[in-house]
Amino acid sequence: PAQLPVPLVLVQCTENALVNGSNVDPWIAGRSAAHLWSHQMRLDERAASGRGGSLGVKGREMLLESLGNPAGAFVAWVKAGHEIRQERKKVMTDLLELLVTPTPAGESGAPLEGAPQSGHFVPTQDLITQVYKPNPALPAAAAAAAAQDE
């Protein structure tokens with residue numbers, strides 16, 4: 001994992017009896033890791049709806065800084081069991097929202113400090129060309145599938 005030139009985002013539950021927290025270690029070895037501990041989060045629903053969401057302003061800044069570093073890693077230690085999607089929905093949606101829009105606006109409408117303005121999330125034209133390269137077999141396969149449906 002240390003050789004992957006992309007930042008990593010890890011979520012580990014602190015009350016999980018099925019997956020030991022030490023399983024995070026191999027993923028962050030050799031990386032510049034930032035840890036957001038459960039006591040630093042705003043897990044109360046009303047508090048989580050404020051500025052910074054459940055990660056808090058500092059947590060959001062830590063995540064954005066990690067995303068701007070190809071050797072970065074962000075670990076969120078969440079007070080939950082193994083079903084984090086059910087137990088801490090707000091944390092997961094806040095995290096996903098920040099990953100989808102890595103330059104979120106604060107209350108003032110200005111981007112949070114440390115937010116990457118461009119870089120690792122912008123695909124190169126080379127990559128786009130490779131992904132959208134026409135496949136000559138595709139029209140024939142689609143026609144064959146359509147013929148089977150009739």
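By the 4.5 Å heavy-atom criterion applied to side chains, Asn20 and Asn23 are counted as neighbours.
Between Ile84 atom CD1 and Leu95 atom CG the span is 8.5 Å, to the nearest 0.5 Å. In this structure, Leu55 CG and Gln40 CD are separated by 11.0 Å, a value rounded to the nearest 0.5 Å. Remark: His35 NE2 to Gln12 CD distance equals 11.5 Å, nearest 0.5 Å. Note that the CG atom of Leu67 and the CG atom of Leu99 stand 6.0 Å from one another [nearest 0.5 Å]. Atom CD of Glu61 sits about 12.0 Å away from atom OG of Ser66, to the nearest 0.5 Å. Once rounded to the nearest 0.5 Å, the distance linking CZ of Arg31 with CZ of Phe74 reads 14.5 Å.
Counting all heavy atoms, side chain and backbone alike, Val78 lies closest to Met41 at CG2-CE, 3.7 Å. Residues Lys79 and Arg88 approach most closely at O-NE, 2.9 Å, considering heavy atoms. The two residues Met62 and Leu36 come nearest to each other via the heavy atoms CE-N, 3.8 Å. The two residues Gly68 and Pro70 come nearest to each other via the heavy atoms O-CD, 3.9 Å.
Using a distance-only test at 3.5 Å, with no hydrogens or angles considered, a donor-acceptor pair links the side chain of Asp94 to the main chain of Ser54. Glu87 places a side-chain N or O within donor-acceptor distance of the main-chain N or O of Gly81, the cut-off being under 3.5 Å.
Partners of Glu83 according to the salt bridge (Lys or Arg N to Asp or Glu O under 4.0 Å) rule, which considers only residues two or more places apart in sequence or in another chain, are Arg85.
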Working for side chain to side chain contact (heavy atoms under 4.5 Å, CB included), residues Val75 and Trp77: CA-CA 6 Å; Val75 184; Trp77 296 89; 3.2 Å; yes
